[in-house]
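Convention: sequence-line order gives letters A, B, ...; per-chain numbering from 1.
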Protein chains: 2
Amino acid sequence: MLLVNDVKWVETLSFRFGVLGALIADRYAQALAEHGLKLKHVGLLGALDTAPGASQLEIAKLMRVAPSLVVSLADHLEAAGAIERLRDPADRRRQVLSLTDRGRDLLARCTARALALDAELTEGLTPAQRAALTAAFDRLAAAHGLPVRERPVREQPDADPR
Amino acid sequence: MLLVNDVKWVETLSFRFGVLGALIADRYAQALAEHGLKLKHVGLLGALDTAPGASQLEIAKLMRVAPSLVVSLADHLEAAGAIERLRDPADRRRQVLSLTDRGRDLLARCTARALALDAELTEGLTPAQRAALTAAFDRLAAAHGLPVRERPVREQPDADPR
DNA sequence: TCCAAATCATTCATGGCCAGAACGGTTTGG
DNA sequence: CCAAACCGTTCTGGCCATGAATGATTTGGA
């Protein structure tokens with residue numbers, strides 16, 4: 001049994017993050033299929049929710065994806081009536097995207113489905129473990145430039161930072 | 001801002017697991033490139049470390065991957081001198097794989113590299129948070145059938161299970 | 001003992017997903 | 001007023017991985 005610093009390769013956080021991420025994404029994608037959506041479709045809806053009225057290029061940057069991919073994603077979502085495409089009158093090159101009511105509803109359903117999966121994933125974890133997970137994910141998300149909501153600090157509201 | 005149960009979609013564990021998993025895997029893959037390896041190559045080395053002397057089919061099941069993929073991965077690793085392929089004399093259909101010294105060395109390097117990334121990822125977390133995080137990942141890995149080492153229990157060594 | 005079915009590894013064709021190049025329409029700034 | 005930059009779109013190509021088809025070997029009855 002090969003050990004480096006007392007840990008095996010398969011016990012490495014880097015390895016597990018990749019594998020579990022793919023596994024969980026797969027499970028979620030399967031659940032999404034019944035809405036006729038792929039993961040990135042919901043990604044676009046979500047991006048549009050945090051950046052309302054964004055252009056396709058802005059969405060592409062937010063999603064870290066080629067602009068050409070946004071085209072096909074938006075095509076599908078538009079055909080499904082989830083988003084609206086509007087030429088910006090001030091700059092007729094830009095396509096401004098916005099969620100329709102149906103799109104918002106869809107996103108809400110997908111969010112609910114994700115929360116259900118979240119609950120299943122964290123079932124059996126202690127409260128401390130759950131807290132550590134969300135804390136770590138918040139940190140990582142912020143460190144990687146993903147959208148993060150500032151959570152209200154509940155502890156000492158202002159420990160002297162000396 | 002669309003909220004379901006007070007959380008946005010992008011704050012969902014399911015979403016973040018997928019995205020961060022892919023992001024981290026990407027970073028690690030980049031580090032691996034200097035060894036001329038892809039992620040799954042190291043995956044094979046790691047699988048072979050936890051299941052020494054396994055056949056290709058067993059490795060495929062362990063890695064949750066098509067047997068045909070193991071062929072090309074093993075081809076590459078064998079050419080690199082990291083593994084040995086041996087026909088099982090007792091059943092000449094089976095190809096028994098085993099790590100060479102060079103393979104073990106390679107795996108050790110990759111593990112060390114992963115640990116360095118791990119440290120960077122968890123930097124800023126308190127020791128308690130790190131412990132809770134690894135515990136949570138242990139649970140998730142176990143729940144998904146990934147190899148997990150039983151860690152020595154340090155608390156009450158034998159609470160009466162009545 | 002013998003043969004049909006099962007098993008393992010391998011090759012090959014195929015598909016999904018995505019980035020990058022090429023193009024037309026539009027805006028900007030000198 | 002025109003060249004350069006910019007945005008969206010189409011289309012081609014690459015990478016990765018699966019599944020089907022093949023050949024070699026083993027196994028479990030009849």
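- Here the side chain of B/Ala66 is nearest to one of D/dG8, D/dT18, C/dA9, namely D/dT18.
- What separates NE2 of A/His76 from P of D/dT9 is a distance of 16 Å, to the nearest Å.
- For CZ of B/Arg102, the number of neighbouring non-hydrogen atoms (other residues, nucleotides, ligands) closer than 6.0 Å is 12 at most.
- In terms of position along DNA chain C, the nucleotide closest to A/Ser68 lies nearer the 5' end than the nucleotide closest to the other residue of the pair A/Pro89 and A/Ser68.
- Residues from residues 50-61 of chain A placing a heavy atom under 4.0 Å of any atom in DNA chain C do not occur.
- Although no hydrogens or angles enter the test, the distance criterion places a donor-acceptor pair under 3.5 Å between the side chain of A/His144 and the main chain of A/Leu140.
- When distances run from any side-chain atom of A/Pro67 to the nucleotides D/dT26, C/dA19, D/dT9, the shortest one goes to D/dT9.
- A donor-acceptor pair under 3.5 Å is absent between the side-chain atoms of A/Gln30 and the main chain of A/Arg27, judged by distance alone.
- Distance B/Met63 CE to D/dT18 C1': 14 Å, rounded to the nearest Å.
- To the nearest angstrom, P of D/dC7 lies 16 Å from CZ of A/Arg85.
- Atom CD of A/Gln95 and atom P of C/dG24 are 18 Å apart (whole Å).
- Side chain of A/Asp88 to main chain of A/Arg94: no donor-acceptor pair is present (N/O by atom type, distance under 3.5 Å, no hydrogens or angles).
- Regarding B/Leu73, its CG atom lies at a distance of 10 Å from the P atom of D/dC16, rounded to whole Å.
- Within residues 26-44 of chain B, the residues that have a heavy atom under 4.0 Å from DNA chain D are, in order of number, B/Lys38, B/Lys40.
- In this structure, A/Gly124 and A/Arg130 approach most closely via the heavy-atom pair N-NH2, 4.2 Å.
- Between the CD atom of A/Glu78 and the P atom of D/dG8 there is a distance of 13 Å, rounded to whole Å.
- Remark: A/Arg64 is not in phosphate contact with C/dA19, judged by side-chain N or O atoms under 4.0 Å from OP1 or OP2.
- Side chain of A/Arg87 to backbone of A/Arg92: a donor-acceptor contact under 3.5 angstrom is found.
- The side chain of A/Arg93 contributes no N or O atom lying less than 4.0 Å from OP1 or OP2 of D/dC6.
- Within 6.0 Å of atom CD in B/Glu84, 12 or fewer heavy atoms from other residues, nucleotides or ligands are found, so the atom counts as exposed in its surroundings.
- For A/Arg109, the salt bridge (charged side-chain N to carboxylate O under 4.0 Å, His left out) partners are A/Asp105, not counting sequence neighbours.
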Exercise for the section: Before giving the answer on salt bridge (charged side-chain N to carboxylate O under 4.0 Å, His left out), spell out for B/Arg16 and A/Asp138 the whole-Å C-alpha distance, their side-chain angles and the decisive distance to 0.1 Å. Expected result: CA-CA 9 Å; B/Arg16 284 184 165 171; A/Asp138 274 354; 2.7 Å; yes
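- Nearest nucleotide to the A/Arg94 side chain, out of C/dC12, C/dT7, D/dC7: D/dC7.
- Heavy-atom distances to DNA chain D give each of A/Asp91 and A/Leu69 a nearest nucleotide, and the one nearer the 5′ end belongs to A/Asp91.
- Of all heavy-atom pairs spanning B/Phe15 and B/Val10, the tightest one is CD2-O, 3.4 Å.
- Of the listed nucleotides (C/dT27, D/dT26, D/dT18), C/dT27 has the atom at the smallest distance from the side chain of A/Arg92.
- One can place CG of B/Asp88 at 10 Å from P of D/dT27, the figure rounded to the nearest angstrom.
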